[in-house]
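We use all heavy atoms of the structure for the numbers below, so side chains are in, but hydrogens, waters and symmetry mates are not.
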Amino acid sequence: MMSTVVLRKPLTLPLTVVFAVFGVAATLLLLPSTADYPALANAALADLLVTGPVLFLIFAYLRNLPLIFVVPIASIGLELSLLTAPPHLHHAVFTAMWITYPLLCLVVLRATYLTVRQLRLAYPMAANITDTHDRLHALLRRALNNSRAAPAMASDLSFLHYAIAPPKYQQSGPGVFSSHGQSGLIPLLWAIGAIVILETVVLHILVHLASPVLAWVLTGVSLYSLMSLVAHIRALPRRCSSLGAHGVTFRSGLFGQCHVPYGHIANVTPTSMGDTLPADTWQLGLLGSMEPHNLLISLHQPTAVEITHGLSRKTRHIAIHMDNPKGFADAIARLRDQDRP
């Protein structure tokens, strides 16, 4: 998922040009007639091993892209060379590997060192943030200088953290309101997870008969989706909505969050499933309109709802489920009146 959103616009042109070069070179190497022209075969092989990665390096310099992105590009070029080059040229590919792979290792080590150093410098700023998800986002935004890669990396790390070793439950108290204790959403999501497991097994068996590689790719995507679902389920009771001094933070697991100042809230209206909601209502949660809701938050002006991986959606109406809807609405009304000058 991360690869679909990280630096999408800056990477579009570089990836298009590089993969066009790779595509033409691989096609030439696969043509039987290319064997009659050794110079053409060597040039096509050079495009896969040298021209493509160098072009991407130029784009990375011009567009201020992280150097680490050249690692998968160069690796793809090497793998395409082995798959498409005729046997008598494989020695050139293996020779290139002895040069390219050590260079790529140096790039990875350099990126790792710089990232660790930036994280150490940024940690004191984010250490006081109690929510693990928000702390990761703040830490990576600071460490990566607000790069568009930061929210995507933070989301993936949050998924991994909550799926494997989630933090302790958030303590209940004044200003903290749970959202999914009485909604029945968590059992529904576990049922969906069981269906995903069953479909993954069946799909892997069927696709494996035609293409083992494609079967494992699809299985990997399914396992990532399952991990994200499990992380979201475990985050729901741990990431409650909270009322601060000057605004409310709405949270729904790892797939919905926004902070709204009290002065921006126009109304908090009770709702129920089946009610007609305004057209621009954003249902805070993974399943969208399929999730239960019992409150509609109407705003004076649009606000950005963070979804995941840096994606967001602006809306003037937010639908959400609260275990104590009346207490939540009354608390917002009281704090909104206190916050007025």
Quick one: does [X]'s side chain get under 4.5 Å of [Y]'s, heavy atoms only?
X: Thr219; Y: Leu223; value: yes
X: Leu29; Y: Leu48; value: yes
X: Ile58; Y: Pro14; value: no
X: Arg251; Y: Thr249; value: yes
X: Tyr162; Y: Thr132; value: yes
X: Trp190; Y: Leu229; value: no
X: Asn267; Y: Ile297; value: no
X: Ser178; Y: Met322; value: no

Looking at the rings of Phe159 and Phe255, which for Trp means the six-membered one, are their centres under 6.0 Å apart? yes
Aromatic contact, His204 with Trp216 (centres under 6.0 Å): yes
For residues [X] and [Y], is any side-chain donor paired with an opposing acceptor at under 3.5 Å?
X: Ser179; Y: His321; answer: no
X: Thr271; Y: Asn294; answer: no
X: Asp156; Y: His309; answer: yes

Common cluster, [X]/[Y], ILVMFWY with side-chain heavy-atom separation under 4.5 Å:
X: Leu109; Y: Val70; answer: no
X: Leu103; Y: Leu55; answer: no
X: Val230; Y: Val201; answer: no
X: Ile192; Y: Tyr224; answer: yes
X: Leu15; Y: Val50; answer: yes

Nearest heavy-atom pair of [X] and [Y]: which atoms, and what distance?
X: Arg234; Y: Ala163; value: NH1-O, 2.7 Å
X: Arg316; Y: Gln301; value: CG-C, 3.9 Å
X: Val18; Y: Gly52; value: CG2-O, 3.7 Å
X: Ala96; Y: Leu78; value: CB-CD2, 4.5 Å
X: Phe250; Y: Ser241; value: CA-OG, 3.6 Å
X: Ser298; Y: His317; value: OG-CD2, 3.2 Å

Dump the intermediate steps for side-chain contact (heavy atoms from CB on, under 4.5 Å) on Leu160 and Met227, then the final yes or no. CA-CA 7 Å; Leu160 189 64; Met227 180 199 71; 3.8 Å; yes
What is the distance from atom [atom1] of [X] to atom [atom2] of [Y], rounded to the nearest 0.5 Å?
X: Leu236; Y: Leu189; atom1: CG; atom2: CG; answer: 6.5 Å
X: Arg135; Y: Ser158; atom1: CZ; atom2: OG; answer: 10.0 Å
X: Leu295; Y: Ile320; atom1: CG; atom2: CD1; answer: 8.0 Å
X: Cys258; Y: Leu284; atom1: SG; atom2: CG; answer: 6.0 Å
X: Thr84; Y: Phe22; atom1: OG1; atom2: CZ; answer: 10.5 Å
X: Leu57; Y: Ile73; atom1: CG; atom2: CD1; answer: 10.0 Å

From CA spacing to verdict: side chain to side chain donor-acceptor pair (under 3.5 Å), Asp280, Thr315: CA-CA 6 Å; Asp280 64 341; Thr315 182; 4.6 Å; no
Let's go through Asp330 and Lys326 carefully: what are the C-alpha distance in whole Å and the side-chain angles of both, what is the deciding distance for salt bridge (Lys or Arg N to Asp or Glu O under 4.0 Å) to 0.1 Å, and is it a yes or a no? CA-CA 6 Å; Asp330 291 344; Lys326 185 178 186 304; 2.9 Å; yes
Take Leu140 and Leu157 through the side-chain contact (heavy atoms from CB on, under 4.5 Å) test and state the conclusion after the steps. CA-CA 10 Å; Leu140 287 173; Leu157 288 174; 3.9 Å; yes
Between [X] and [Y] (side chain of the first, backbone of the second, donor and acceptor by atom type, cut-off under 3.5 Å), is there such a pair?
X: Thr281; Y: Leu277; answer: no
X: Glu79; Y: Ser75; answer: no
X: Tyr262; Y: Gly244; answer: yes
X: His293; Y: Ala319; answer: no
X: Glu291; Y: Leu286; answer: yes
X: Arg238; Y: Pro167; answer: yes

Relative to the ring of His137, is the ring of His133 parallel (under 30°), tilted (30 to 60°) or perpendicular (over 60°)?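 Tilted: the ring planes of His133 and His137 meet at 30° to 60°.
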Decide yes or no on side-chain contact (heavy atoms from CB on, under 4.5 Å) for Phe328 and Asp323, but give the supporting numbers first. CA-CA 9 Å; Phe328 185 71; Asp323 294 334; over 6 Å; no
Tell me the side chain to side chain donor-acceptor pair (under 3.5 Å) pairs involving residues 34-51, sequence neighbours left out? Asp47-Thr51
May I have the step-by-step check of salt bridge (Lys or Arg N to Asp or Glu O under 4.0 Å) for Arg239 and Asp134, ending in yes or no? CA-CA 10 Å; Arg239 305 195 70 236; Asp134 292 346; 3.2 Å; yes
Between Leu82 and Met97, does the side-chain contact (heavy atoms from CB on, under 4.5 Å) criterion hold? Intermediate values first, please. CA-CA 11 Å; Leu82 287 175; Met97 284 183 174; 3.1 Å; yes
